[in-house]
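Just so it is clear, the structure is predicted and the values come from calculations on it, not from any experiment. Quick note on labels: first sequence line is chain A, next is B, and so on, each numbered from 1.
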There are 2 protein chains.
Amino acid sequence: MKGKNKPTSVDIAHLAGVSQPTVSRALRNSPLVSLATRQRVQQIARDLNYKVDVNARNLRSQRTNTLALLLFEDSGEREAFINPFFLSMLGSITRASAQQGYDLLISFQQLSDDWNAEYEDANKADGIIFLGYGDYTSYIKRISKLDHEGAHFVTWGPVIEDQPGLFVGSDNELGGFLAADHLIRLEHTRIAFLGDESNDYPEFRDRYAGYCRAHAKHGLEVDPRLRVNAFFSEECGYRAAHTLITSGVEFSAIACASDLIAIGAIKALREHGLKVPRDKAIVGFDDIPTAEHLAPSLTTIQQDTFAAGQALVDSVIRSINGETGESKLLPTRLIIRDSSGAKISL
Amino acid sequence: MKGKNKPTSVDIAHLAGVSQPTVSRALRNSPLVSLATRQRVQQIARDLNYKVDVNARNLRSQRTNTLALLLFEDSGEREAFINPFFLSMLGSITRASAQQGYDLLISFQQLSDDWNAEYEDANKADGIIFLGYGDYTSYIKRISKLDHEGAHFVTWGPVIEDQPGLFVGSDNELGGFLAADHLIRLEHTRIAFLGDESNDYPEFRDRYAGYCRAHAKHGLEVDPRLRVNAFFSEECGYRAAHTLITSGVEFSAIACASDLIAIGAIKALREHGLKVPRDKAIVGFDDIPTAEHLAPSLTTIQQDTFAAGQALVDSVIRSINGETGESKLLPTRLIIRDSSGAKISL
DNA sequence: TTGTAAGCGTTATCAG
DNA sequence: CTGATAACGCTTACAA
């Protein structure tokens, strides 16, 4: 049934009347092999549909030409649901690694799992890209360990000085600033912030920090009662907005720590008879594909997933090659649409 | 710098005072090894953080425990843009393969590329999952070849009798039927169809066939002028709708061959001052995440990506294990939202 | 420019 | 239940 007698380099060596290493060299286009033999060997290889056995190659060379992408999610997200922002990242990482000639092995992990799992230890991959939102205190430990072991990896997340390993991340502080600054310029002074309150998630913490800086810049006080706990999901955003509305705390706008939260918040507002942006202005964060199609279309902070994918892949590869990598902070930008009421009031 | 002296099974053998194959057996929990040695060996392995080198293992066993996912796109899609429907598929395939204990190697290909590339030939993977929309006539040839070579693969796409290889796909004909039937029940008699006209894309052809069947069932003629060429993207849908509107052909509803097409069509209608669903009713296809958030929310045909991912993974794995697999047709269902005007007119 | 020899770290096969 | 021995198919050194 299997029918396939895969040809080996030895077979080709026989047919071409050369030694087996010569075949190997010829196929790698080594200039050490004469043009004549090189072409002869390559022709035969093509005829037989010969493909180098990567396992043998990897075993011998101790290199896999493969990157592993570990996507971890902290909370018990609904099965088979992936945050659309990470899906975009996944797409751009896939393209970037293909472009660099690396295969990509992908894996979903629970943060609770034994993480680095075995990708580099088992020689499945030469390097690892970590992607996800996670509790910082929990993953910083694992990362330190990996770093000590000399693993090659890069993490998507907060870019902080003096932390082990390489990081690539968006400028969340800037994003938070831009969002709040935008709303303040639209004359909002009571702006709620829907995001994680624990400070364990540096992305969210930084977005809030930017929010605070915008307030400071405009001489506004930050009212802690306007910060409402919400995690990633639409569901969380919905509940948070509901809590906010029923709390009686006065507000005229909401800066959301993610687009999913914003979607949930809009839903909650609508159920309370509040119109966006007429009654409450909304700004999201991420710029997921859905954002532009929402009603009203969502003003949000865009993260450049394309650049992010490239930067992540470049970083790991540099690390693999022993070059000293550097962490990289990517700019975020404000995308003005309808939900913030900017177009109406301008 | 690399600092890592990865332990091998030989090291463990020394420490445990047993032969190296015994170590190997113990680690695989073989009952052939006495409980005592098994535990001793496993303890040492844990202490040293030993991980089996997969390249050595794969080379020797000629099995990789890895699946390859080839996502191909036919047209010159915008870089880094992936059809959201395939992104969902990708998510569910990733989960399903993890669940079955397989690693997943993913790769984007242009249909023009040398496809099967080398995944199975190079022993990178034990089996392949093909995902994408593609010109049937073009890929059927490649698939036949793979089939002859005894490769283990499954294709997402049209489930047709007597074609080589294994297929898993949605019941597109049913979906097309449900969409048109729904509109006809809402008293539409002039329903445009926006999708590929060439018949080279069986998914689209089947959706149109279902559309025709619904017309026949209700005793309606199908007007070929109502079939307008559109491919996958929002852009295509936009242009197609524009063409339709300016053509002067009368219509009161549109069945779109994908949600992206529907999004583009809605945009075009709006620009012509036509309201959905008041002036024109719309039904999409796929049920991408954005569909429910559109304004108006999109009535569409849902494909069960969760079941699809599982079925695909199950199929390849069965094929790998030499079991005779069977193609699988997954049901599609109508999701009624606002764009078809159902809720209003009922 | 080519060939020879060795070895990458496992698992398979046999014999004990 | 355990051990010796031989592969798996390639790349690297080194020799010619």
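- Sorted by first and then second residue, the salt bridge (Lys or Arg N to Asp or Glu O under 4.0 Å) pairs with a member in residues 13-26 of chain A form an empty list; sequence neighbours excluded.
- The distance from atom CG of B:N58 to atom P of C:dC8 is 18 Å, rounded to the nearest whole Å.
- Under the rule for a side chain to side chain donor-acceptor pair (under 3.5 Å), the partners of B:Q43 that lie at least two apart in sequence or sit in another chain are B:R46, B:D47.
- At C:dG3, one or more side-chain N or O atoms of A:T22 fall inside 4.0 Å of OP1 or OP2 (strictly under the cut-off).
- Every residue meeting the side-chain contact (heavy atoms from CB on, under 4.5 Å) condition with B:L166, not counting sequence neighbours, appears here in chain and number order: B:V154, B:S315, B:S319.
- Applying the salt bridge (charged side-chain N to carboxylate O under 4.0 Å, His left out) rule to B:D126 yields the partners B:R63; only residues at least two apart in sequence or on another chain are considered.
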What does the list of N/O pairs under 3.5 Å between the protein and nucleotides 14-16 of chain D look like, with a distance for each?
none

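- One atom, CZ of B:R28, and another, P of D:dT2, lie 17 Å apart when rounded to the nearest Å.
- In this structure, the side-chain contact (heavy atoms from CB on, under 4.5 Å) partners of A:D11, at least two apart in sequence or on a different chain, are A:P7, A:T8.
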- Message: Walk along nucleotides 5-10 of chain D from 5' to 3' and tag each nucleotide B, S or - by protein heavy-atom contact under 4.0 Å, base first, then sugar-phosphate.
- Response: BBBBBB

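- Using modelled atom types, one finds a donor on one side chain and an acceptor on the other under 3.5 Å when comparing B:D53 with A:N123.
- From B:D103, atom CG reaches atom OG1 of B:T94 across 11.0 Å, with rounding to the nearest 0.5 Å.
- Residues that satisfy the side-chain contact (heavy atoms from CB on, under 4.5 Å) test with B:T37, not counting sequence neighbours, are B:V18, B:V33, B:S34, B:R40.
- For B:S9, the side-chain contact (heavy atoms from CB on, under 4.5 Å) test picks out B:Q20, B:V23, B:Y50, with sequence neighbours left out.
- Residues from residues 34-48 of chain A with heavy atoms under 4.0 angstrom of DNA chain C, sorted by number: A:S34, A:T37.
- Every residue was checked against the side chain to side chain donor-acceptor pair (under 3.5 Å) condition with A:D147, not counting sequence neighbours, and none meets it.
- Rounded to an integer number of Å, the gap from CD1 of B:I12 to P of C:dG9 is 13 Å.
- One can place CG of B:N65 at 15 Å from C1' of C:dT10, the figure rounded to the nearest angstrom.
- Applying the side chain to side chain donor-acceptor pair (under 3.5 Å) test to B:N65 and every residue at least two apart in sequence or in another chain returns nothing.
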